[in-house]
Amino acid sequence: MSKLVLVDGHSILNRAFYGVPLFTNSEGLHTNAVFGFLNILFKLIDDEKPDYLAIAFDVHQPTFRHEMFKDYKGTRKPMLPELREQVPVIKELLHKMNITTIELPGFEADDVIGTMSKIGEDAGMDVCVFSGDRDLLQLASDKVMICIPKTKKGQTTVEKYKTEEVKELYKVTPVEFIDVKALMGDSSDNIPGVPGIGEKGATNIIEQFGSIENAYEHAEEISNKRNKTALLEHYDMAQMSKVLATINRKSPVETKIEDCVFEDIYTADALDMIKHLEFKSMIPRFSGVTLENKYEDSFVKISQPDKAEELFNNLKSADKIGLYIYGNNDITGISICKEDDAVYFLPVFGLITKEYLIFHIRDIVNSNCIISVANIKENNDIFNKTILENDENSNLFDVEIAAYLINPLSNTYLYDDIARDYLGITLPSMEEIFPKVKKGEVSPYEIEENVINYCCYNALVNYKAYDVLKSKLIETDMWDVYSNIEIPLTYALYSMEKCGIMIKPEELKEYGNRLNGDIKILEKEIYDEAGHDFNINSPKQLGEILFGEMGLPGGKKTKTGYSTSASVLEKLEPEYPFVRKILEYRQLTKLKSTYADGLAVYIGDDSRIHGKFNQTITATGRISSTEPNLQNIPVRMALGREIRKVFVPKDDCVFLDADYSQIELRILAHMSDDENLIEAYRESKDIHAATASLVFHVPLDEVTKTQRSNAKAVNFGIVYGISSFGLSQDLSISKKEAEKYIDDYFKSYPGIKNYLDNSVKEAKEKGYSTTMFGRRRPIPELKAGNFMQRQFGERVAMNSPIQGTAADIMKIAMINVERELRKNNLKSRIVLQVHDELLVETYKDEISTVQDILVKNMEGAANLHVPLDVDVKEGNNWDEAH
DNA sequence: CCGATCACG
DNA sequence: ACGTACGTGATCGGC
């Protein structure tokens with residue numbers, strides 16, 4: 001059966017325009033809507049495979065179904081110039097693609113589509129109608145499907161409606177839907193509707209009577225009194241609205257369905273235009289031969305031992321290869337790229353054993369050949385390198401780390417991302433190579449051709465990206481950060497992950513049980529207070545109970561309802577002591593689910609947790625911790641801190657915990673060169689008290705507790721990129737007072753004010769900020785038109801050099817500690833890093849040596865104008881040592 | 001799959 | 001007039 005697809009051109013273009021961020025080609029022509037339109041069009045073509053395709057456009061924008069109602073009420077918003085200029089562009093492109101467009105003077109695109117769909121339906125065709133809004137739902141039938149594309153997070157999904165789906169959603173048939181719309185009205189379509197009848201009422205009436213006319217005749221039976229009088233009083237209005245709402249299915253369209261044959265759309269003319277528009281990712285589609293196939297043709301599978309032997313022999317003379325190792329924990333195959341058009345896949349099979357492949361990989365690792373891979377840390381079980389063998393001459397290159405340094409804001413650094421961003425080529429993503437399994441089909445991961453392509457793309461990109469990424473690192477002055485910090489660090493992180501940290505599982509379990517008892521008690525007390533059971537963990541339900549049923553005051557916030565955050569509840573606590581129970585309940589359930597239960601899942605057979613330490617996540621250069629997050633284990637509250645007692649050293653060991661004292665403020669002192677702050681640190685003053693003394697103009701020994709803690713909050717605020725509002729929130733004071741604090745702070749430390757202003761200025765000029773060691777963070781927000789975003793960018797510009805430099809210093813310290821431990825053949829190991837803290841599982845006979853190593857390397861990691869102060873403590877669990 | 005909440009630095 | 005402190009990750013409920 002043949003299929004006819006009809007598209008509402010303006011409505012899709014409109015949707016594309018608002019769904020895709022504004023951008024232009026190099027001539028300054030806006031192209032985002034055209035781009036989005038094409039993406040929807042391609043999805044439509046791939047999914048529906050039309051035999052006939054036509055795209056209908058309104059002749060004028062805005063247009064109205066009936067001239068006489070033109071000025072009925074208001075007018076449509078005029079089209080933005082950025083969108084208007086794209087209308088002729090898409091029409092020209094469609095013309096070049098041999099796609100039929102229809103414009104009918106005096107009629108809307110809706111009418112054209114209504115007419116064409118009727119003709120197609122009557123001819124027994126399957127019809128699909130694509131539109132950005134729901135106006136066309138009345139056309140739905142068992143043969144006509146209305147499709148509404150939605151762009152979410154770059155992915156377009158399509159909602160599809162036939163008769164059944166319309167009934168399900170609106171409780172009326174598509175034809176009845178006209179009457180619903182006529183009753184309720186639609187301001188965007190200038191349909192007045194009946195005043196007093198809304199969506200609910202309209203649906204009820206039509207559900208019961210089937211049409212406006214029938215409802216009018218049986219008006220006495222309308223149960224809702226308001227609706228009844230409204231309909232009787234405004235029946236003329238309802239009838240007029242119905243005329244307006246009805247799509248004309250007999251308009252004088254001259255185009256015949258046969259004129260809309262869908263074929264030969266990827267023409268040479270269209271390709272030229274795509275190039276002119278600079279839609280690089282679409283070029284493959286238009287040039288007929290896809291780039292993918294070009295590469296896939298050069299992927300070679302090697303499964304014969306003699307061929308494998310020959311390949312490895314050949315590699316002895318190579319000076320650079322791209323490598324990809326396939327398999328989760330167990331290697332099941334590898335890909336090697338040694339030239340642009342020579343990519344090999346070697347599955348583990350027969351005589352080509354895992355051991356054989358590992359042997360040869362290590363052989364290359366130990367040669368001078370550069371091996372470009374995507375994640376050294378994840379593959380180091382095979383490379384088997386330690387930090388001692390890795391300096392700036394390392395022959396292992398990590399494209400993921402390189403790409404992260406160049407743009408730390410990206411979410412993923414997968415082969416297709418790198419190919420797109422640095423090689424200018426579009427490759428199929430992992431999801432495209434391994435599409436979601438359909439029921440009863442063989443898993444795409446078991447189809448060897450998919451696996452070969454996936455592995456070879458990885459190896460190919462690793463190979464080709466090496467030169468580009470290395471030049472970029474050198475260009476951006478980040479080669480030092482890359483080779484002296486990140487690459488050695490990756491081995492330190494590998495060592496930490498491999499080592500893991502020991503947990504006492506029984507004690508963790510007991511802790512969980514203890515919490516559970518208390519939770520049950522609190523739960524009951526809360527239900528009693530509320531009068532009934534509900535889900536305390538649901539902010540929605542909790543909000544309704546507190547502010548609705550129980551009538552607690554104020555408390556409005558957030559889009560979805562009442563805010564029930566701790567800061568809101570704490571304000572209520574003095575007057576309503578019962579909310580304390582909610583806060584306690586929250587605390588306990590958090591501890592139970594995230595920590596007691598959450599951590600238990602990760603304990604391995606060796607009684608240790610081997611969490612991941614991620615190197616390519618944060619914008620500032622910090623390390624992140626996942627599966628589980630070991631960097632947010634409770635410490636501030638006594639009950640939470642208990643958890644740290646189950647983190648223990650193994651036999652014959654203790655924990656040494658070393659942390660930097662106020663590293664960020666010291667970095668601020670150094671970078672700003674502020675005399676007062678530097679002097680305070682050089683004289684080992686209590687820095688918060690010293691700040692209080694300066695800001696509040698009191699002698700150092702007369703600073704009160706409150707003054708000191710306020711000054712501490714200001715110090716934090718400065719590091720975060722101070723704002724008077726933020727500070728006022730933190731200290732629960734007025735914005736005015738906060739402003740005064742900040743003002744006085746800057747008067748006390750003029751060097752800091754100067755430095756922060758300069759940080760912002762420099763970041764604005766360059767588009768990024770830089771740490772002491774040259775690490776960069778782009779700040780696109782500084783160029784934003786939106787005031788708030790720009791303000792955010794300014795705070796980021798103040799904070800990231802500080803936070804980033806602290807991260808750099810800690811990384812350097814870790815590298816040097818790790819090196820010295822290994823160089824001296826010590827068995828003690830770093831097990832955790834928590835931003836300014838290192839936890840070392842230390843053998844008892846190595847305690848004093850390790851302590852010295854920690855202090856020396858952490859304090860000596862950077863040479864600042866103020867001393868770096870490190871505090872080391874010893875303990876038999878993490879709590880004791882901290 | 002997103003937003004709210006809360007744990008850490 | 002707006003509506004905000006910087007950087008993370010896990011869990012939960014609800015759409």
Side-chain angles (χ1 to χ4, degrees), chain A residues 152-153 155 157 408-409 534-543 557-569 582-583 585-599 601-602 611-614 617-637 639-641 643-644 659-660 662-664 668 713-731 735 738 742 759 769 777 779 781 786-804 806-807 810 832-837 882:
Chain A
K152 240 193 202 170
K153 288 198 140 192
Q155 285 289 311
T157 53
L409 301 185
F534 66 101
N535 190 340
I536 311 170
N537 280 321
S538 160
K540 188 163 174 255
Q541 294 182 32
L542 180 63
K557 261 188 179 178
T558 76
K559 290 112 189 125
T560 50
Y562 301 108
S563 167
T564 65
S565 70
S567 65
V568 171
L569 297 190
I582 308 248
L583 288 164
Y585 175 88
R586 282 243 179 100
Q587 262 186 0
L588 298 192
T589 51
K590 177 94 178 174
L591 292 173
K592 176 84 163 71
S593 64
T594 305
Y595 300 103
D597 299 345
L599 288 175
V601 177
Y602 291 97
K612 289 186 175 169
F613 289 93
N614 313 295
I617 299 288
T618 70
T620 53
R622 275 188 177 180
I623 287 162
S624 104
S625 162
T626 51
E627 299 172 59
N629 183 351
L630 295 171
Q631 291 179 322
N632 73 344
I633 304 298
V635 67
R636 292 170 192 168
M637 310 285 277
L639 182 64
R641 198 158 56 229
I643 295 184
R644 293 184 170 225
D659 72 308
Y660 281 113
Q662 296 160 348
I663 185 168
E664 290 186 341
L668 176 65
V714 178
N715 276 327
F716 268 98
I718 294 291
V719 171
Y720 291 157
I722 195 93
S723 83
S724 52
F725 180 87
L727 182 66
S728 72
Q729 286 292 298
D730 191 46
L731 289 177
K735 217 175 104 178
I742 295 167
S759 293
S769 58
R777 163 170 185 171
I779 313 179
E781 292 89 347
N786 179 309
F787 174 76
M788 228 188 63
Q789 281 188 32
R790 222 168 38 241
Q791 192 102 3
F792 172 76
E794 290 178 10
R795 290 196 296 272
V796 166
M798 296 188 243
N799 170 267
S800 41
I802 301 171
Q803 191 183 122
M810 179 49 116
L832 291 182
Q833 187 257 36
V834 194
H835 309 307
D836 63 357
E837 167 190 5
H882 191 66

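- When the P atom of C/dA1 is taken as reference, atom CZ of A/F725 falls 17 Å away, rounded to whole Å.
- For A/K540, a side-chain nitrogen or oxygen approaches OP1 or OP2 of C/dC15 to under 4.0 Å.
- Rounded to an integer number of Å, the gap from NE2 of A/H835 to P of C/dC6 is 16 Å.
- Taking atom P in both C/dC2 and B/dC6, one finds a spacing of 26 Å when rounded to whole Å.
- Atom P of nucleotide C/dG3 and atom CZ of A/R795 are separated by 14 Å, given to the nearest angstrom.
- With sequence neighbours left out, A/E837 forms a side-chain hydrogen bond (donor to acceptor under 3.5 Å, both in side chains) with A/W878, A/H882.
- Without hydrogens or angle criteria, A/E781 side chain to A/F792 main chain gives no donor-acceptor distance under 3.5 Å.
- The backbone N or O of A/V719 sits less than 3.5 Å from a side-chain atom of A/N799, completing a donor-acceptor pair.
- The separation between A/R636 atom CZ and B/dC8 atom C1' is 6 Å, rounded to whole Å.
- For C/dC6, neither phosphate oxygen OP1 nor OP2 lies less than 4.0 angstrom from any side-chain nitrogen or oxygen of A/R777.
- Taking all atoms of both residues into account, the shortest heavy-atom contact from A/S723 to A/I742 is C-CD1, 4.0 Å.
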Would you write the dot-bracket representation of DNA chain C, where each base gets (, ), [, ], | or . depending on whether it forms a Watson-Crick or G-U pair under 3.5 Å and with which partner? .....|||||||||.
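- Residues A/Y602 and A/V719 each lie close to DNA chain C; by heavy-atom proximity, the contact nearer the 5' end of the strand is made by A/V719.
- Rounded to whole Å, atom P of B/dG9 lies 17 Å from atom OH of A/Y660.
- Taking each heavy atom of A/L591 and A/G640 in turn, the nearest pair found is CD2-CA, 3.7 Å.
- Straight-line distance from the CG atom of A/N632 to the C1' atom of C/dC6: 16 Å, rounded to whole Å.
- As a whole-Å value, the separation of A/M810 CE from B/dC8 C1' is 14 Å.
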